[in-house]
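Okay, so here's the structure we're looking at.
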Amino acid sequence: MPNILGYLKIYIIPTKYSPSDIRQLSAELTIHGGQLIDHPERADIILTRLMGRKRLALALDPTLIDSKIVVLDRWLADCIAHEALLDHRPYLVPPDHSSQPTHKWPRKQTASPSTRPPNQHNNTRSPSDHNPFKTTSPALILASFPATEKSIEPSTLPRLACCRKSPSICINQLLIEELDVIRVWKENGEDDTLESDLNQAGKKDDEKHALAYSRACSALKAYPTKICSVSEAQVIPFIGPKIALQIGEYLSTGQIKLSQTLRTSVRLRSILLFQTLHGVGSRLSREFYDIHDCRTLEDVANARPSLKVQVTYWSDLQTPIPRYEVPLIAKFLSDELEMISPGCIHTICGSYRRGREYSNDVDIVFTYPAMNRSSKVSSQVLDQLVDRLRTLSALTDILSGSSIGSNALRGLHQRFIMMSLPRQTRQIRVDIIFAPYEIYWVCVVGWTGSTMFERDIRKHANGLNLKFASHGISRLSDGSEIAVSQEKGEPAVFEALGLEWIEPTERNADV
DNA sequence: GACAGCGCATTGCA
DNA sequence: TGCAATGCGC
DNA sequence: GTCAG
């Protein structure tokens, strides 16, 4: 019997079923590779016979209705009939009123962090409770990538991320997440302790390897069909013999042994836990672990008091910000800004702009049409905004950003802050950027990401003897500026670089 | 041998 | 105190 | 670790 359901965890809402119906369904879905589970909150997908959302609300926790995929049980019957995992969307439980917003998908970004209720008591600061590795549920991958994509010749995949379409979640997502564990491991110096690392030699290699894994994952991210064989994978750019071998292992066993081992490594988990703090990277976190023997965030806070504020609000900062909240934050800031100086416009960038359902922070680029590079007002306005937040008790901490420095000379100003909305305690990381109007859209491109996308924009620009930076596009030869029309918006930036337009939601070139 | 490239903050050394 | 080197974030 | 020169 083919494994159609691919170990999907399935919960059945018992309403309208007899016990024997349930037994029958259970048998069918088990035969086809699914797992019937007792708790809806752990399910990848929820089956029901209830035809309306109102009825559903009586039978299922309303928060689950929004966070889980709930489909009519006909979906299962059709999957079995077609011997394929079908796109669930046509089977979603219809809303009762057509005026209500339709069920958006995908609802959830990652399985682990958002399942933790926000603001719970913080005993989540030890590595054993913290899972830094993502695992996207199979149902979500299915939801994001219906099987309608046409296949391509792997070797024709563009070599630069800025020339490819990279969705938020891709059809080979689980494979990529498996490879990404190895990337993270390499990025953190494999198992080298800091001492042996300081003796130079090896570390640089690991970083290069990490980069290689990033590129391989990035290429896979844009690959439109499910990888079925090593020979297919081998011809994809940036996948050489070593990574092909890992992919082979994944294809035959469903996982990569090394990755699974790494996921359980206490040291790696601790090191990654420390890196959730702004300003702590691979170097510092290893120093905390190996030299100061830190094991929890409290240990780290003691070792470096400047991190205490972040540790205090750690669970807030770890709680993903749902998509709908992001514009509220932007509106709050722009309203305050209007009072200081009217006429500002802004674009929310970062992962929000790339279409993610949840974000870790909020990036906003502001400008005034009247604000040009030579005017000094922008830094004053930014300072005033920060002061205003302080008086409103919205500001918790400034993580970075100063009025001096050469970026300020170029008219670009930024503050990375920690703040909360009025009458709320939940802390949010916000990156505020002020750009002169001449470079507004260049700046938006620069702050939209993803990392790989930006890297390859630069690489592409260099090929044209141009330099791309968030403070403008210039010629490599003499440094002279290339003017980009701001009236034409973001596409003008792509045009200036000779790039085909890629939607922000298709710039998710990182894992 | 190259792998993006720059601004900001901190540290260490003269 | 000033300046270079290093780490970090995007 | 992969690619290009």
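Numbered from 1 within each chain, the chains take letters A, B, ... in sequence-line order.
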Exercise for the section: Decide whether A/Ser359 and A/Ser351 meet the rule of one side-chain donor and one side-chain acceptor closer than 3.5 Å. Expected result: yes
How close or far is atom [atom2] of [N] from atom [atom1] of [X], stated in whole angstroms?
| X | N | atom1 | atom2 | answer |
| --- | --- | --- | --- | --- |
| A/Gln414 | B/dG7 | CD | P | 10 Å |
| A/Phe274 | C/dG7 | CZ | P | 19 Å |
| A/Leu476 | B/dG5 | CG | C1' | 12 Å |
| A/Asp206 | B/dC3 | CG | C1' | 15 Å |
| A/Ile433 | B/dC6 | CD1 | C1' | 14 Å |
| A/Arg455 | B/dA2 | CZ | P | 16 Å |
| A/Met452 | B/dG5 | CE | P | 13 Å |

Filter on salt bridge (Lys or Arg N to Asp or Glu O under 4.0 Å), then keep only pairs touching [range], sequence neighbours left out; what's left?
| range | value |
| --- | --- |
| residues 221-237 of chain A | none |
| residues 495-511 of chain A | A/Glu490-A/Arg507 |
| residues 161-184 of chain A | A/Glu178-A/Arg263, A/Asp180-A/Arg183, A/Arg183-A/Glu187 |
| residues 330-339 of chain A | A/Lys331-A/Asp335, A/Glu336-A/Arg388 |

Polar atom pairs (N or O), protein with nucleotides 3-5 of chain D, under 3.5 Å:
unit_1	atom_1	unit_2	atom_2	d
D/dC3	OP1	A/Phe238	N	2.9
D/dC3	O3'	A/Arg159	NH2	3.2
D/dA4	OP1	A/Arg159	NE	3.2
D/dA4	OP1	A/Arg159	NH2	3.3

Problem - Exam field: side chain A/Arg458 to backbone A/Phe468, donor-acceptor pair closer than 3.5 Å - result: yes
Exercise for the section: Kindly say whether A/Ser214 contributes a backbone atom to a donor-acceptor pair with the side chain of A/Ser218 at under 3.5 angstrom? Expected result: no
Problem - Stretch residues 252-265 of chain A: residues that reach within less than 4.0 Å of DNA chain D through a heavy atom - result: none
Exercise for the section: With a 4.0 Å heavy-atom cut-off, tell me which residues in residues 212-229 of chain A come close to DNA chain D, sorted by residue number. Expected result: A/Ala212, A/Tyr213, A/Arg215
Practice task
Of all the heavy-atom pairs spanning A/Leu497 and A/Leu464, show the shortest one and how long it is.
Solution key: O-CD1, 3.1 Å
Practice task
Could I get the full list of side-chain hydrogen bond (donor to acceptor under 3.5 Å, both in side chains) partners for A/Thr347, not counting sequence neighbours?
Solution key: A/Tyr440
Handout entry: Residues which pass side-chain hydrogen bond (donor to acceptor under 3.5 Å, both in side chains) with A/Asp431, listed by chain and number, not counting sequence neighbours
Key = A/Arg429
Practice task
State whether A/Phe288 and A/Arg304 meet the cation-pi test: NZ (Lys) or CZ (Arg) under 6.0 Å from the six-membered ring centroid, and within 45° of the perpendicular axis.
Solution key: no
Problem - Strand DNA chain D in bracket notation, Watson-Crick/G-U under 3.5 Å with | for pairs to another chain - result: |||..
Problem - Closest to the A/Asn462 side chain, choosing from B/dC6, B/dA4, D/dG1 - result: B/dA4
Practice task
Can you figure out which of D/dG1, B/dT11, B/dG7 approaches the side chain of A/Lys242 most closely?
Solution key: D/dG1
Practice task
Please measure how far the C1' atom in D/dA4 lies from the corresponding atom in B/dC3, and state the result in whole Å.
Solution key: 11 Å
Practice task
Sticking with atom P, work out how far D/dG5 lies from B/dA2, rounded to a whole angstrom.
Solution key: 13 Å
Handout entry: Pairing of A/Asp205 and A/Lys208 as salt bridge, 4.0 angstrom limit
Key = no
Problem - Short N-O contact, A/Arg267 and A/Asp290, less than 4.0 angstrom - result: yes
Practice task
Name the nucleic acid region contacted by A/Ile457, choosing base, sugar-phosphate or nothing; use a 4.0 angstrom heavy-atom cut-off, strictly under.
Solution key: nothing
Exercise for the section: Specify whether A/His278 and A/Phe416 have parallel, tilted or perpendicular ring planes, treating 30° as the upper limit for parallel and 60° as the lower limit for perpendicular. Expected result: perpendicular
Check the interface with nucleotides 8-10 of chain C: list each N/O to N/O pair with the protein under 3.5 Å, or write none.
unit_1	atom_1	unit_2	atom_2	d
C/dC8	OP1	A/Gly281	N	3.1
C/dC8	OP1	A/Leu284	N	2.7
C/dC8	OP2	A/Arg283	N	3.1
C/dG9	OP1	A/Gly279	N	2.8
C/dG9	OP1	A/Val280	N	3.4
C/dG9	OP1	A/Val280	O	3.4
C/dC10	OP1	A/Arg429	NH1	3.0
C/dC10	OP1	A/Arg429	NH2	3.0

Problem - Validation row, ring centre A/Trp314 to ring centre A/His130 under 6.0 Å - result: yes
Practice task
Not counting sequence neighbours, which residues clear ring-ring contact (aromatic ring centres under 6.0 Å, His included) with A/His346? List them please.
Solution key: A/Phe366
Practice task
State which residue, out of A/Glu325, A/Glu357, A/Arg323, fulfils the side-chain contact (heavy atoms from CB on, under 4.5 Å) condition with A/Tyr352.
Solution key: A/Arg323
